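If you're wondering where the values come from, they're calculated on a predicted model, not measured in any experiment.
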Amino acid sequence: AYSHALDFERILALADFDVISKYGIDKSVKPVVIMIVDEGPDENPRYQKTIHVAVHHFLKHNLDAIFIATNSPGRSAFNRVERRMAPLSRELAGVILPHEHYGSHLDAQRKTTDFILEKQNFEYAGKALAEIWSNVIIDSCPTVAEYIDPDNSEMSIDRLLSKDEIWFALHVQTSQYFTQVVKCQDMKCCSPARSS
């Protein structure tokens, strides 16, 4: 959940996504965010970390609502995220990523002996992969891929904005496949809605 939190903030920082994520002269984040996610343990809408991250985005960007949904098990054929991965996978057919660009970090038993060199090789391979994927066009839209250093790949928990349980009870609704965080009508609690 914390890596996805950082991904969302990164998407908002990239000009390539302004047309779908922002509006107005001040380029505010659009007031309603809808995320369709895989049902993995790091992003499932009913998990507490995912809910805390949703509350953080809701508060930070003054959203009217944020909705996070997933398909039920066995319905991955209808998962839009998985369907969009096919063009990315196709680009990797026959590609051998350079895993020893700066030299071998493995011994004869294929165990890591040099962790610094391993990280350097991993970064080089990650950048090569990002370059391949950044050249892919999906439904007339560019793909934006970049290498993220694993040591800086998650949002720090202490950076998450949060509220108490009373606020949570008034604004957050969860179910097995869906979570929503929505503004209430109390002007002392929430600012006026930006959407109609």
Side-chain angles (χ1 to χ4, degrees), residues 1-22 29 33 35-61 66 68 70-71 76 79-139 141-162 179:
Y2 302 134
S3 63
H4 297 303
L6 199 62
D7 292 343
F8 182 73
E9 295 299 327
R10 182 67 184 127
I11 286 170
L12 295 177
L14 292 170
D16 295 307
F17 293 95
D18 282 355
V19 70
I20 62 168
S21 65
K22 297 178 183 170
V29 176
V33 172
M35 295 184 189
I36 310 295
V37 298
D38 203 346
E39 198 183 357
D42 58 338
E43 56 198 18
N44 192 302
R46 71 177 184 261
Y47 293 160
Q48 205 59 44
K49 287 181 183 178
T50 303
I51 295 168
H52 283 151
V53 166
V55 168
H56 165 79
H57 293 315
F58 177 84
L59 297 170
K60 180 177 181 184
H61 300 292
I66 183 168
I68 304 173
T70 188
N71 286 303
S76 64
N79 184 332
R80 291 182 175 116
V81 176
E82 288 186 20
R83 287 195 319 236
R84 297 311 331 143
M85 294 298 288
L88 298 176
S89 297
R90 191 178 316 117
E91 289 297 315
L92 297 182
V95 172
I96 298 173
L97 291 172
H99 68 283
E100 293 182 338
H101 180 76
Y102 296 110
S104 180
H105 54 273
L106 305 171
D107 64 14
Q109 285 79 36
R110 310 298 285 169
K111 293 183 180 173
T112 301
T113 57
D114 187 336
F115 291 100
I116 294 172
L117 187 59
E118 179 184 43
K119 283 186 174 185
Q120 291 173 337
N121 284 329
F122 183 79
E123 179 179 353
Y124 187 85
K127 287 180 177 178
L129 181 62
E131 184 178 340
I132 291 167
W133 280 347
S134 290
N135 292 320
V136 176
I137 304 295
I138 300 174
D139 295 336
C141 297
T143 301
V144 178
E146 59 187 28
Y147 172 78
I148 303 294
D149 183 348
D151 294 331
N152 299 310
S153 64
E154 292 188 347
M155 182 174 282
S156 173
I157 298 169
D158 58 320
R159 286 185 50 205
L160 290 178
L161 302 174
S162 62
T179 291

Find out whether [X] and [Y] are in side-chain contact, i.e. whether some heavy atom of one side chain is under 4.5 Å from a heavy atom of the other.
X	Y	value
Asp18	Asp16	no
His52	His56	no
Val53	His57	yes
Phe8	Met35	yes
Val95	Leu129	no

*I would like to know whether His4 and Asp7 meet side-chain contact (heavy atoms from CB on, under 4.5 Å); could you show each step before the answer?*
CA-CA 5 Å; His4 297 303; Asp7 292 343; 3.7 Å; yes
*Distance only, no hydrogens: is a donor on one side chain within 3.5 Å (strictly under) of an acceptor on the other, for Ser3 and Glu154?*
no
*Do His101 and Asn121 have side-chain atoms, one donor and one acceptor, less than 3.5 Å apart?*
no
*side-chain contact (heavy atoms from CB on, under 4.5 Å) assessment of Thr143 paired with Ile137*: CA-CA 6 Å; Thr143 301; Ile137 304 295; over 6 Å; no
Tell me whether [X] contacts the main-chain N or O of [Y] through its side chain, where contact means a donor paired with an acceptor under 3.5 Å.
X	Y	value
Thr70	Val37	yes
Asn135	Glu131	yes
Thr113	His105	yes

*Is Asp151 paired with Lys119 through a side-chain N to carboxylate O contact shorter than 4.0 Å?*
yes
*asked:* Could you check whether Glu123 pairs with Lys127 (Lys NZ or Arg NE/NH1/NH2 to Asp/Glu carboxylate O, under 4.0 Å)?
replied: yes
*Taking it one step at a time, do Gln120 and Ile116 satisfy side-chain contact (heavy atoms from CB on, under 4.5 Å)?*
CA-CA 6 Å; Gln120 291 173 337; Ile116 294 172; 4.3 Å; yes
*Start with the C-alpha distance between Glu9 and His61, add both sets of side-chain angles, then the distance that settles side-chain hydrogen bond (donor to acceptor under 3.5 Å, both in side chains), and finish with yes or no.*
CA-CA 10 Å; Glu9 295 299 327; His61 300 292; 3.0 Å; yes
From [X] [atom1] over to [Y] [atom2], what is the distance, rounded to the nearest 0.5 angstrom?
X	Y	atom1	atom2	answer
Leu161	Lys60	CG	NZ	7.5 Å
Tyr147	Phe122	OH	CZ	5.5 Å
Leu6	Ser153	CG	OG	7.5 Å
Ile68	Tyr47	CD1	OH	14.0 Å

Minimum heavy-atom separation for [X] and [Y], please, with both atom names.
X	Y	answer
Pro87	Val136	CB-CG1, 4.4 Å
Arg46	Ile51	O-CD1, 3.8 Å
Val55	Ser162	CG1-CA, 4.5 Å
Ala145	Trp133	CB-CB, 3.8 Å
Leu160	Met155	CD2-SD, 3.5 Å
Leu117	Ser104	CD2-O, 3.3 Å

_Glu146, CD: over 12 other non-hydrogen atoms inside 6.0 angstrom_ = yes
*Show your working on side-chain contact (heavy atoms from CB on, under 4.5 Å) between Val33 and Phe58 and close with a plain yes or no.*
CA-CA 9 Å; Val33 172; Phe58 177 84; over 6 Å; no
